[in-house]
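What follows is a short report on a single structure.
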Amino acid sequence: MATNDLYEEMNNHLNKELYSAYLYLAMAAHFESENLPGFAAWMNAQAKEEYGHARQFWTYIYDRGGKVTLLAIDQPPSKYGSPLDAFQQALAHEKEVTEDIHKLYARASDEKDYASQVFLQSFISEQVEEEKMASQIVDTLKLVGDSTASLLMYDRELAQRGVAPNV
């Protein structure tokens with residue numbers, strides 16, 4: 001059974017997932033203002049996914065007899081420069097989330113909380129995918145460079161992203 005300290009750390013992480021959703025919404029708003037609807041759609045889908053992650057933590061904490069305490073969400077930046085800059089920031093953010101998940105998993109392991117380890121394992125796997133997606137977009141945007149035509153074509157491609165069905 002998880003300790004109160006682990007639930008508190010999970011509460012903090014739930015807040016980080018909500019911040020992630022807020023961050024991606026801010027990026028979507030930025031892309032909307034830059035007339036890049038595909039990039040905006042991708043970020044909106046990402047925001048929904050991050051909100052879904054927060055809800056998973058919410059449910060897990062209550063399923064285990066804990067209590068959720070919502071914290072203030074920091075204001076994300078509102079300007080992101082180029083699409084490459086924005087996705088580099090997204091990748092850096094995902095790496096921070098990965099580190100946080102790893103710390104939670106290590107804590108659950110130390111406490112021999114096997115149920116929490118199983119729960120967190122899905123997020124470890126999810127973070128591999130999150131970092132891969134952001135990294136691939138960064139790499140593609142580096143290839144696009146200053147080509148407006150290529151950027152607009154990539155914008156259309158990113159608009160095709162769907163949201164995971166369980167979110």
Side-chain angles (χ1 to χ4, degrees), residues 6 9-32 34 36-61 71 73-110 113 115-145 150-151 153-167:
L6 181 56
E9 289 179 30
M10 285 186 174
N11 264 295
N12 290 336
H13 186 77
L14 184 155
N15 189 71
K16 288 176 185 173
E17 294 286 354
L18 291 172
Y19 174 78
S20 295
Y22 207 37
L23 173 68
Y24 291 126
L25 283 175
M27 289 180 173
H30 168 77
F31 286 127
E32 287 286 351
E34 295 293 314
L36 291 168
F39 285 95
W42 194 96
M43 288 298 182
N44 272 312
Q46 190 65 22
K48 288 176 185 175
E49 189 172 305
E50 300 301 343
Y51 179 75
H53 295 163
R55 293 297 302 187
Q56 287 176 305
F57 272 90
W58 172 293
T59 300
Y60 182 77
I61 291 166
L71 306 170
I73 301 173
D74 292 336
Q75 180 178 356
S78 59
K79 300 257 184 224
Y80 294 94
S82 70
L84 176 60
D85 293 336
F87 275 93
Q88 286 173 326
Q89 288 180 48
L91 177 58
H93 178 74
E94 290 300 336
K95 288 181 178 184
E96 289 175 16
V97 171
T98 297
E99 186 176 319
D100 196 53
I101 295 285
H102 290 174
K103 287 178 185 175
L104 285 171
Y105 188 89
R107 178 69 181 265
S109 293
D110 290 345
D113 182 347
S116 291
Q117 289 175 53
V118 170
F119 171 72
L120 292 166
Q121 182 62 53
S122 67
F123 286 95
I124 291 170
S125 299
E126 173 71 19
Q127 283 309 117
V128 169
E129 183 63 27
E130 298 282 357
E131 286 186 31
K132 176 186 169 192
M133 274 195 314
S135 181
Q136 286 175 332
I137 293 171
V138 165
D139 290 346
T140 300
L141 287 169
K142 286 178 180 176
L143 290 172
V144 165
S150 296
L151 182 66
M153 287 175 58
Y154 197 46
D155 182 64
R156 287 185 184 148
E157 181 179 328
L158 289 180
Q160 304 306 310
R161 178 184 182 198
V163 179
N166 64 342
V167 177

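Between Met10 and Phe119, the shortest heavy-atom distance links the atoms CE-CD2, 4.5 Å. Contact detail for His93 and Tyr19: the closest heavy-atom pair is CE1-CD2, 3.8 Å. Nearest heavy-atom pair across Ala108 and Leu120 is CB-CD1, 4.2 Å.
Looking only at atom types and distance, the side chain of Ser20 has no donor-acceptor partner in the side chain of His53 under 3.5 Å away. Between the side chains of Tyr60 and Ser116, at least one donor N or O lies within less than 3.5 Å of an accepting N or O. Side chain to side chain, Glu50 and Gln46 meet the donor-acceptor criterion of an N or O pair below 3.5 Å.
Ring centroid separation for the pair Phe57 and Phe123 comes in under the 6.0 Å cut-off. Ring centers of Trp42 and Phe87: under 6.0 Å apart, within the cut-off.
Scored by the salt bridge (charged side-chain N to carboxylate O under 4.0 Å, His left out) test, Asp155 finds no partners at all (sequence neighbours excluded). With sequence neighbours excluded, no residue forms a side chain to side chain donor-acceptor pair (under 3.5 Å) with Asn12. Remark: Gln127 engages Glu94, Thr98 in a side chain to side chain donor-acceptor pair (under 3.5 Å) (not counting sequence neighbours). With sequence neighbours left out, Glu99 forms a salt bridge (charged side-chain N to carboxylate O under 4.0 Å, His left out) with Lys103. Partners of Ala41 under the side chain to side chain contact (heavy atoms under 4.5 Å, CB included) rule, at least two apart in sequence or in another chain, do not exist in this structure. Under the side chain to side chain contact (heavy atoms under 4.5 Å, CB included) criterion, Ser82 pairs with Leu84, Asp85, not counting sequence neighbours. Annotation: side chain to side chain donor-acceptor pair (under 3.5 Å) contacts of Thr140 (sequence neighbours excluded): none. Under the side chain to side chain contact (heavy atoms under 4.5 Å, CB included) criterion, Thr59 pairs with Asp63, sequence neighbours left out. Not counting sequence neighbours, the partners of Glu9 by the salt bridge (charged side-chain N to carboxylate O under 4.0 Å, His left out) test are Arg107. A search for side chain to side chain contact (heavy atoms under 4.5 Å, CB included) contacts involving His30 returns Ser33, Glu34, Tyr80, not counting sequence neighbours.
In this structure, NZ on Lys142 lies 13.5 Å from CD1 on Ile137, to the nearest 0.5 angstrom. With rounding to the nearest 0.5 Å, the separation of CD in Glu96 from CG in Leu91 is 10.5 Å. In this structure, CG in Leu36 is found 9.5 Å from CG in Leu158, a value given to the nearest 0.5 Å. To the nearest 0.5 Å, atoms CD1 (Ile73) and CG (Leu18) are separated by 4.5 Å. Taken to the nearest 0.5 Å, the CG atom of Leu141 stands 7.0 Å off from the CG atom of Leu151.
Every pair passing salt bridge (Lys or Arg N to Asp or Glu O under 4.0 Å) that includes a residue from residues 12-21 is listed here, sequence neighbours excluded: Lys16-Asp100. For the salt bridge (Lys or Arg N to Asp or Glu O under 4.0 Å) condition, no pair includes a residue of residues 122-139, sequence neighbours left out.
Counting non-hydrogen atoms of other residues, nucleotides and ligands closer than 6.0 Å to OH of Tyr105 gives a total above 12.
Side-chain contact check for Ile124 versus Gln121: some heavy-atom pair is nearer than 4.5 Å. Between Pro83 and Phe31 the shortest side-chain heavy-atom distance falls below 4.5 Å. Residues Gln56 and Ser122 are not in side-chain contact: their nearest non-hydrogen atoms beyond the backbone lie 4.5 Å or more apart.
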